[in-house]
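Here's the structure, in structure tokens; my notes come after.
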Protein chains: 2
Amino acid sequence: MNKKQMQSEQTKKRVAEAARSLFALKGYKATSIEDIVAATGSSKGNIYYHFKSKEGLFLYLFDEWDREWEENWEKKQWQYQTMKEKLFGMAEQLALEDLNHPLNRAAEEFFHMEEKSNDVEERIKAIYQNHFQFFETFIQRGIDQGEFKHVNAKHLAIGLESMFVGLSQMSRAASSEDVGKLYQSAVQAFLFGIAIDSD
Amino acid sequence: MNKKQMQSEQTKKRVAEAARSLFALKGYKATSIEDIVAATGSSKGNIYYHFKSKEGLFLYLFDEWDREWEENWEKKQWQYQTMKEKLFGMAEQLALEDLNHPLNRAAEEFFHMEEKSNDVEERIKAIYQNHFQFFETFIQRGIDQGEFKHVNAKHLAIGLESMFVGLSQMSRAASSEDVGKLYQSAVQAFLFGIAIDSD
DNA sequence: TTTTATACTGAACGTTCATTCTGTATCATA
DNA sequence: TATGATACAGAATGAACGTTCAGTATAAAA
């Protein structure tokens, strides 16, 4: 790799990292390109040389996060034996890691914005579909291994994703609660139910 | 009531209804005061005479919705006997009524905006607390009546709210699915669990 | 050394928008 | 009828910000 290419790559990283900090601190909308300029010393034009748009820059950061999450999970999941244990473990990772991830708040804001370019909208849908697929495979494995009932894996995959997405949002409003316990009892309910007559 | 007061009230209603339609159509941020001016024939100044701000106008509409929801639920819940049935009934009302409510999308956007005035932030927190309280009472009743296990009602109230909030959001991404079924299986899981070994 | 592609600059553009403010019309009240 | 309050009009304010573009510097390629 060239000296020039290396510098270019470094610049891109510097911009990305500054952007991540700013998005974390101020939120997506409230972080202006000007803010990133001030934080990096790079010029506006240069930022647009490295990233297609503000949306593109954010999506770049989000992808990094998503990739890292899956890597961490792959490393971690082997310590658990059953699918039930895995699910509790996943809840733990989500509660501890995700909630404290710098992009957490900004991502929520970003995903709920109404003014998005069409390609971004498509990307977001694809991300969700990916998560659904992940959980569907997970649940299906539980069924195949005789741990889970013969439920509709597709529906309950969405149910699981819903629960975790919602949990992540509610954890902020219900601040005084112990978040770990919250996630744990939610998963407990999802696995074993809260009703007494188990039919 | 005066003729003047009546006209004033009508104007306020006209503005509110136009705003609701526009928020539903274009989203919160994308709906400008100018849009509402164009739709009502009222002037900007007049809108600000009747409502404190754009945020205030939206919150006014949201309150109406919240009130109506509780009224509808109060009417409906008596047709169900057990708490389990009630929960399924609630899921139905949420799936059918809420998802089609004009403000649904805009409210999501509004609640996830990062730039909010402090009093609005407080209001939103209060709204959530209210929902938590509602579910906590609900679950506690189930426990007292011997229908539910001795779970932590506080935690699971948040869990329920999380699930429904998440479900409402996911229902858009997973459009092709039958939303009613989706809610139903989520509640089914929450009540009876998906695991086979019910401990 | 000349040429060319890449990396970078920053001023200018174009647009959007919530809110305020000064003034006016209308109706209730005294 | 005179006075005061209420309801309404709409121009002006004032700021914010993403994106583009014409031009410059730097280093690789020829």
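Side chains included, hydrogens not; waters and symmetry mates left out as well; all remaining heavy atoms used. Please read all numbers here as calculations on a predicted model, not as lab measurements. Reminder, nothing fancy here: chain letters follow the sequence lines and each chain counts from 1.
Between B/K29 and A/E114 there is no salt bridge, since no side-chain nitrogen of the basic residue lies less than 4.0 Å from a carboxylate oxygen of the acidic one.
In this structure, A/G45 and A/Q5 both approach DNA chain C, and ranking their closest nucleotides by distance from the 5' end singles out A/Q5. Checking A/I47 against B/A30, the closest nucleotide of DNA chain C that is more toward the 5' end is the one next to A/I47.
Spacing between atom NZ of A/K29 and atom P of C/dC17 amounts to 9 Å, rounded to whole angstrom units. If you measure from atom CD of B/E9 to atom C1' of D/dA7, you get 14 Å, rounded to the nearest angstrom. Residue A/Y28 contributes atom OH, which lies 12 Å from atom P of D/dC17 at whole-angstrom precision. Atom C1' of nucleotide D/dA7 and atom CZ of B/F51 are separated by 14 Å, given to the nearest angstrom. Look at CD1 on A/I36: it is 17 Å from C1' on C/dT9, rounded to the nearest Å. Following rounding to the nearest Å, A/N46 (CG) and D/dT19 (P) show an atom-to-atom distance of 16 Å. Atom C1' of nucleotide C/dC17 and atom NZ of B/K44 are separated by 7 Å, given to the nearest angstrom. Rounded to whole Å, the distance from OH on B/Y49 to P on D/dC8 is 8 Å.
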- Item | Residues B/L99, B/S171; criterion side chain to side chain contact (heavy atoms under 4.5 Å, CB included); working and verdict | CA-CA 8 Å; B/L99 275 185; B/S171 299; 3.7 Å; yes
- Message: Using side-chain hydrogen bond (donor to acceptor under 3.5 Å, both in side chains), reason through B/Q184 and A/H155 one step at a time and then give a plain yes or no.
- Response: CA-CA 9 Å; B/Q184 210 181 325; A/H155 283 173; over 6 Å; no
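Dashed line: the shortest gap from a side-chain N or O of B/T11 to OP1 or OP2 of D/dC8 is under 4.0 Å. Side-chain N/O atoms of A/S42 include none lying less than 4.0 angstrom from OP1 or OP2 on C/dC8. A sub-4.0 Å separation between OP1 or OP2 of C/dT9 and a side-chain N or O of A/S43 is present. Of the side-chain N and O atoms in A/K54, one or more sit less than 4.0 angstrom from OP1 or OP2 of D/dG18. The phosphate of C/dC27 has OP1 or OP2 within less than 4.0 Å of a side-chain N or O from B/K3. Taking 4.0 angstrom as the limit, A/H50 places a side-chain polar atom (N or O) nearer than this to OP1 or OP2 of C/dC8.
Listed nucleotides: C/dC17, C/dG10, D/dT26. Nearest to the side chain of B/S32: C/dC17. Listed candidates were C/dA12, D/dA7, C/dT19. Nearest to the side chain of B/S53 is C/dT19. Closest to the side chain of A/Y48, from the set C/dC8, D/dA7, D/dT19, is D/dT19. Of the listed nucleotides (D/dG18, D/dA11, D/dA28), D/dA28 has the atom at the smallest distance from the side chain of A/N2. Of all nucleotides listed (D/dA27, D/dA7, C/dA18), D/dA7 comes nearest to the side chain of B/K4.
Counted by atom type alone, A/Q140 and A/D144 present one or more donor-acceptor pairs between their side chains at under 3.5 Å. Using modelled atom types, one finds no donor on one side chain facing an acceptor on the other under 3.5 Å when comparing A/N72 with A/E68.
Nucleic acid contact class of A/T31 (heavy atoms, under 4.0 Å, all strands): sugar-phosphate only.
The ring of B/F111 has its center closer than 6.0 angstrom to the ring center of B/F62.
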